[in-house]
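Structure first, commentary second.
Below, all heavy atoms of this structure are taken into account, side chains as well, without hydrogens, waters or symmetry copies. In each ligand, atom 1 is the first atom listed, and ligand 1 is the first ligand listed.
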Amino acid sequence: PVIRCKEQRELSEGNLLVVTVATKETDGFRRFMRSARHFNYTIKVLGRGEPWKGGDYMTTPGGGQKVRLLKAGLQEMKEEDKVILFIDSYDVVFASGPKELLKKFQQTRHKVVFSAETLIWPDRHLEDKHPHFREGKRFLGSGGFIGYVPNLKEMVADWTGEDNDSDQLFFTKIYINPEKRKSINITLDNRCRMFQNLHGSLDEVVLKFEDGQVRARNVLYDTLPVVVHGNGPTKLQINYLSNYIPTVWTFETGCSGCLEDLRPLSGLKESEYPLVVIGIFIQQPTPFVSVFFESLLKLEYPKNRLKLFIYNQEQHHEVEVSSFLKDHEKAYQGVKVIGPEENMDRVASRNLGLDMCRQDKDCEYFFSMDIEVVLKNKDTLKILIEQNEPIIAPMITREGRLWTNFWGALSADGYYARSEDYVDIVQGRRVGVWNVPYLTKVYLVKASLLHEELSSNDLFSSGTLDLDMAFCHNARNKGVFMYVTNMHTFGRMLSTENYQMSHLHNDLWQIFENPKDWEERYIHENYTKIMRDKLIETPCPDVYWFPLFSDIGCDHIVQEMENFGQWSGGRNTDTRIQGGYENVPTIDIHMTQINYEKEWQKLLLDYIAPITETMYPGYYTKCISYLNFVVRYKPDEQPLLTPHHDASTFTINVALNSKEIDYQGGGCRFIRYNCSVEAPRKGWALMHPGRLTHYHEGLRTTAGTRYIAVSFVDP
Ligand code: UDP
């Protein structure tokens, strides 16, 4: 009678206590607590620091330890109108507050309400004993229940099981016993009004975005559960949902969850920066390795707080590695290099890299970078540290593709699957810090994990999985959360396909495979600006002058030609050209001779055609060009070129080195206009009509060696 009387009045939040078991503060537990704090739940944690003997969902039934702890915990509770929500915590988030929970509890008109499940577990032979409902789930889930203290006490009074016995079986047996069910007054939340267990129910649950907050919605029963539980093998789904629920990311506020629990670095003295071991892994021939090391140098972080672990499997890249080390090794606190001669396999190198941090008591982070990563954001390392997550990757993309260094979901067999929000994240429509099942290429790991959850020295192998999949698999199994952030733009990753190694400067050939990186390396930094602002100069009538190649671009072309070395003799007979006769021969090497024809053609189309069409309006070009070559002028070889027309509609003439520094004299004179360009600028192109009007000569080079690249376009 006492209880019936109390039932009449509405329960208030003060009546509710949330009780959970957490032997360790896992990432899942911290997530649970964050959502609980958001709604002002009062939480009591049992079992802190105890060893866990309750088994895990992947092996056998278990969980008995939770019942033992609850039973002991209830003993201290005397108030009869106290309502306890007993709930798992590693894979649970709250989607709403205590008020709604209590209201829904009271509406059941029962004293104990268990979460319901679609699937029967662990003993399916008990199926027939379960009462039927008109609608909803029939089976009991022990991961969440709510009830009055006296009823709960009665329910666990008979528990004498072992810690690894099944709590679910224990409660199920009580529930399917009609007398006990009645006397304790138990029912199931069979339409998921309070509890949503995800196992067996994934298709029923969608995110529901409300004003400024996010809930899970059960579309089968049209309910909004208060608690969402990733029971059994649905850990990744709860990770996905909890990227949003309750207010982690919303349409109104974006990622407010991303601003919590940060580790700010600003204001620290250099010596106070956390020590980071950067692992650099060169596992295959890769373009732009020297650019990688340039961006490593530019990383905004005190170098004396960085140690480097460099694993290079490629003979081919030893030049870049040693040239970087020669100039900069001393700036870093320490450097360890594993070269190709050591024949270390990839997996071993990854383990060893982590170990370099693990064994250094000062190391706080391991920052792993594969050589194909192009980091454009100098603050990347600082940003990642400040975000303060266990493992976090900066999102990097493949130019113009949906490829990134993370997966939003896993397929049943553990490979890539596209999460519903993947494209929105990749394209920046949703910006935040995302809990994901897989990341690769570049990521930061907290060293504290390396001493605990990830203390195994074999994290990069697992069955037949490749090393990144193995690492992520191991992290997931240990309950370690991995995040990817797209709060900033960080950079991209290179394609390592079609990388030829037969040239001196193989990167020059990357215009097709990695066009953006090629452009950044080889096109003049002012090219785009000059195009945009129409700053193209006109040194002589109808002659246009604009920056085309970077310094490095010029140097690489010249070095490539000199390396090839088969300069023509400068005679009229020339077997390389159609007809075999050259009227105005030069000492040169054709692009075809170094297999650069297709690449040069693409350069003309992408970088020259737009200028041609702007400066000679009405003329459209596909940049057909059969003669593209580099000319060498030297006083004692060929110092000049006599007046001539070119066999072209228009001609491109790029200066590949610098007057005064590399040579004296030189230049180009347009005879009809008595106008000369006598101070060629390195990397700048002259464009002029080839025949009819622009009769011209190459002026004498009086000292040194001058190089120009020439194309006769639209012959
Ligand atoms: N738990 C714990 N320590 C552990 C493992 C589990 O305290 O080492 C607690 C925690 O509250 C967790 C619950 O037991 O949420 C259930 O464990 P698990 O999530 O593995 O089981 P499932 O929900 O998949 O049945």
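- Counting heavy atoms closer than 4.0 Å to ligand 1, residue Lys235 contributes side-chain atoms (C-beta onward) but none from N, CA, C or O.
- Within the structure, side-chain hydrogen bond (donor to acceptor under 3.5 Å, both in side chains) pairs that include any residue of residues 24-33 comprise Glu25-Arg48, Asp27-Arg30, Arg31-Asn239, Arg31-Ser242 (at least two apart or interchain).
- Residue Gly143 places no heavy atom under 4.0 Å from ligand 1.
- Between Asp123 and Lys129, no side-chain nitrogen of the basic residue sits less than 4.0 Å from a carboxylate oxygen of the acidic one, so the salt-bridge criterion is not met.
- In the vicinity of Asp91, heavy-atom distances shorter than 4.0 Å reach the ligand 1 atoms 15 (O), 19 (O), 22 (P), 23 (O), 24 (O).
- Remark: aromatic rings of Trp159 and Phe170 are close, center separation under 6.0 Å.
- For the 3.5 Å distance criterion, the side chains of His199 and Asn231 fail to qualify, holding no donor opposite an acceptor.
- In this structure, His199 falls outside the shell of residues with a heavy atom less than 4.0 angstrom from ligand 1.
- The option with the heavy atom closest to atom 1 (N) of ligand 1, from among Trp52, Phe29, Trp121, Phe86, is Trp52.
- Listed by atom number, the atoms of ligand 1 under 4.0 Å from Ala22 heavy atoms are 7 (O).
- Applying the salt bridge (Lys or Arg N to Asp or Glu O under 4.0 Å) test to Arg418 and every residue at least two apart in sequence or in another chain returns nothing.
- Residue-ligand proximity, Lys66 to ligand 1, at heavy-atom distances under 4.0 Å covers atoms 14 (O), 16 (C).
- Taking every heavy atom of His229 and a limit of under 4.0 angstrom, the matching atoms of ligand 1 come to 23 (O).
- Selection from Asp88, Ile238, Asn197 by nearest heavy atom to atom 21 (O) of ligand 1 gives Asp88.
- Under a 4.0 Å criterion applied to the non-hydrogen atoms of Val21, ligand 1 contributes the atoms 7 (O), 9 (C), 10 (C), 11 (O).
- Heavy-atom contacts of Gly232 reach the following atoms of ligand 1: 22 (P), 24 (O) (cutoff under 4.0 Å).
- With atom 7 (O) of ligand 1 as the reference point, the heavy atom nearest to it among Leu69, Thr23, Leu46 is part of Thr23.
- In terms of polar-atom proximity, defined here as any N/O pair under 3.5 Å, Gly230 makes no such contact with ligand 1.
- Residues His130 and Phe139 bring their aromatic ring centres within 6.0 Å.
- Comment: Glu135 engages Arg191 in a salt bridge, judged by a side-chain N to carboxylate O separation of less than 4.0 angstrom.
- Thr223 and Asn218 form no side-chain donor-acceptor contact under 3.5 Å, judged by distance and modelled atom types alone.
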| said: Does Asp88 form a salt bridge (Lys or Arg N to Asp or Glu O under 4.0 Å) with Lys66? I'd like the steps, not just the answer. | reply: CA-CA 9 Å; Asp88 286 357; Lys66 294 189 291 181; 2.7 Å; yes
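- Within the 4.0 Å heavy-atom cutoff, Gly47 does not count among the residues contacting ligand 1.
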